[in-house]
Amino acid sequence: QCRIGNPGHLDRAFNCGAGQFNLVVHLAAETKYGQEDQVYKQLVQDVAVATAEEAAKRGVEKFIYMSTAQVYQPGKKKSDEQSKMEPWTGIAKASLEAEEAIKAIPGCNWLIMRPGFVYGPGDKYGISPRCIMAAVYKQIGEKMKFLWTKDLRINTVHVRDVARAIWHSWEHAPPGSTFNLIDKGDTSQKTVADFLGKIFGIKTGFYGSIKTGL
């Protein structure tokens, strides 16, 4: 293990193989919500940029940066890769700053991916916490209520599909490409609430925008 934010550790990471890397996939970032902006700058933006600079220096054929779909302006319309940017979390703000910095690195053969809420093995901050809380509400016999409204979109993508997209992009996508990664489910809070209600046998509801904003 190494902390790639440390210059010496970054060099160790690039020298750990038997030869030169031709692909670097950057997945190392702080993904816990609610932290200070400086934390995200150090553990999202700075780490990504340093890794991309090292990849460019070593002539890596393709550098894939895993950003986030939270960089887009919230709204009722679906976002594509050209939609207006308005990051709405600290993670997203740092990720967008990282994207712009990576694009400006001379010789960096970058490719950017913006996934929705990633779920599956290893998920700690997406769907899994909701499942854990549902089990708690089942135990205490109370109604589980979500912040905001039932129509809030939380578009998802399974971690195995993310892995497939990475490998497909390595083999087929040209450098300088940007891709959104979500499934076809058009998942909303109501979708998740309905599933949890059926699985755990609990009642679910929503606080709405007014109460959530208080």
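Side chains are part of it too, since the values below use all heavy atoms of this structure and drop only hydrogens, waters and symmetry mates.
One finds the CD atom of Glu171 at 10.0 Å from the CG atom of Leu23 (value rounded to the nearest 0.5 Å). Rounded to the nearest 0.5 Å, atoms NE2 (His172) and OG (Ser177) are 13.0 Å apart. Going from atom CD of Gln82 over to atom CE of Met85 covers 8.5 Å, rounded to the nearest 0.5 Å. Here CD of Gln38 is found 6.0 Å from NZ of Lys41. Values are rounded to the nearest 0.5 Å. Rounded to the nearest 0.5 angstrom, Ile154 CD1 and Ser188 OG are separated by 7.0 Å. Interatomic distance, CD1 of Ile202 versus CD1 of Ile140, reported as 9.5 Å (0.5 Å rounding).
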Pairs under 3.5 angstrom only: tabulate donor-acceptor contacts from the side chains of residues 155-165 to other protein residues two or more places apart or in another chain.
| unit_1 | atom_1 | unit_2 | atom_2 | d |
| --- | --- | --- | --- | --- |
| Thr156 | OG1 | Asp183 | OD2 | 2.8 |
| Thr156 | OG1 | Thr187 | OG1 | 3.3 |
| His158 | ND1 | Arg160 | N | 3.0 |

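The closest side-chain heavy-atom distance from Gln45 to Leu96 is not below 4.5 Å. Side-chain atoms of Gln35 and Tyr33, non-hydrogen and from C-beta on, never get closer than 4.5 Å to each other. Gln70 places none of its side-chain heavy atoms less than 4.5 Å from the side chain of Pro87. Inter-residue side-chain proximity for Phe146 and Thr204 is flagged as met; some heavy-atom pair is nearer than 4.5 Å.
Shown here for Ser209 and Thr149, the closest heavy-atom pair between the two residues is OG-CG2, 3.5 Å. Smallest separation of non-hydrogen atoms from Phe200 and Cys131: CZ-O, 3.5 Å. For Asp80 against Ser83, the heavy-atom pair with the smallest separation is N-OG, 2.8 Å. Pairing each heavy atom of Phe14 with each of Val24, the nearest pair is CE2-CG2, 3.8 Å. Closest approach of Pro106 and Ala56 over heavy atoms only: O-CB, 3.7 Å. Closest heavy-atom contact between Ala101 and Ile105: O-CG1, 3.3 Å.
Here side chain to side chain donor-acceptor pair (under 3.5 Å) pairs that include residues 99-109, with residues two or more places apart or in two chains, are Ser67-Glu99, Glu99-Arg114. Applying the salt bridge (Lys or Arg N to Asp or Glu O under 4.0 Å) test to every pair with at least one member in residues 187-203, sequence neighbours left out, gives these pairs: Lys190-Asp194. Among pairs with a residue in residues 39-75, those fulfilling ring pair (Phe, Tyr, Trp, His ring centres under 6.0 Å) read His26-Tyr65, at least two apart in sequence or across chains. Residue pairs meeting the side chain to side chain donor-acceptor pair (under 3.5 Å) criterion with at least one partner in residues 125-134, sequence neighbours excluded, are Asp123-Ser128.
Between the side chain of Trp148 and the backbone N or O of Thr212, no donor-acceptor pair lies under 3.5 Å. At distances below 3.5 Å, at least one donor-acceptor pair connects side-chain atoms of Lys62 with backbone N or O atoms of Ser169. With hydrogens and angles disregarded, a donor-acceptor distance shorter than 3.5 Å links the side chain of Gln189 to the backbone of Leu147.
Hydrophobic cluster membership is shared by Phe117 and Tyr119, with clusters built from Ile, Leu, Val, Met, Phe, Trp and Tyr side chains linked at under 4.5 angstrom. Ile127 and Ile91 fall within the same hydrophobic cluster, defined by Ile, Leu, Val, Met, Phe, Trp and Tyr side-chain heavy atoms under 4.5 Å apart, directly or through other members. Hydrophobic clustering, with ILVMFWY side chains joined whenever heavy atoms are under 4.5 angstrom apart, groups Ile64 together with Val118. Connection of Trp167 to Phe179 is established within a shared hydrophobic cluster, with ILVMFWY side chains joined at heavy-atom distances below 4.5 Å, either directly or through further cluster members. Linking Ile, Leu, Val, Met, Phe, Trp and Tyr whenever their side-chain heavy atoms come within less than 4.5 Å leaves Val71 and Ile112 in two separate clusters.
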Check against side-chain contact (heavy atoms from CB on, under 4.5 Å), Leu27 and Val25: CA-CA 6 Å; Leu27 301 167; Val25 182; 3.9 Å; yes
Residue pair Glu97, Val44: steps toward the side-chain contact (heavy atoms from CB on, under 4.5 Å) verdict: CA-CA 9 Å; Glu97 291 288 341; Val44 176; over 6 Å; no
Residue pair Trp170, Asn22: steps toward the side-chain contact (heavy atoms from CB on, under 4.5 Å) verdict: CA-CA 10 Å; Trp170 156 240; Asn22 52 12; 3.9 Å; yes
Candidate pair Gln42 and Val47, rule side-chain contact (heavy atoms from CB on, under 4.5 Å), full reasoning: CA-CA 6 Å; Gln42 292 177 351; Val47 177; over 6 Å; no
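Chaining together hydrophobic side chains whose heavy atoms lie under 4.5 Å apart places Leu43 alongside Val39.
In this structure, Asp11 pairs ionically with Arg58, as a charged nitrogen and a carboxylate oxygen lie closer than 4.0 Å. Contact check on Asp37 versus Lys93 returns no salt bridge, with no Lys/Arg side-chain nitrogen under 4.0 Å from an Asp/Glu carboxylate oxygen.
Within a 6.0 Å radius of NZ in Lys78, no more than 12 heavy atoms belonging to other residues, nucleotides or ligands are found.
Neither side chain, Glu81 nor Thr178, offers a donor N or O lying under 3.5 Å from an acceptor on the other.
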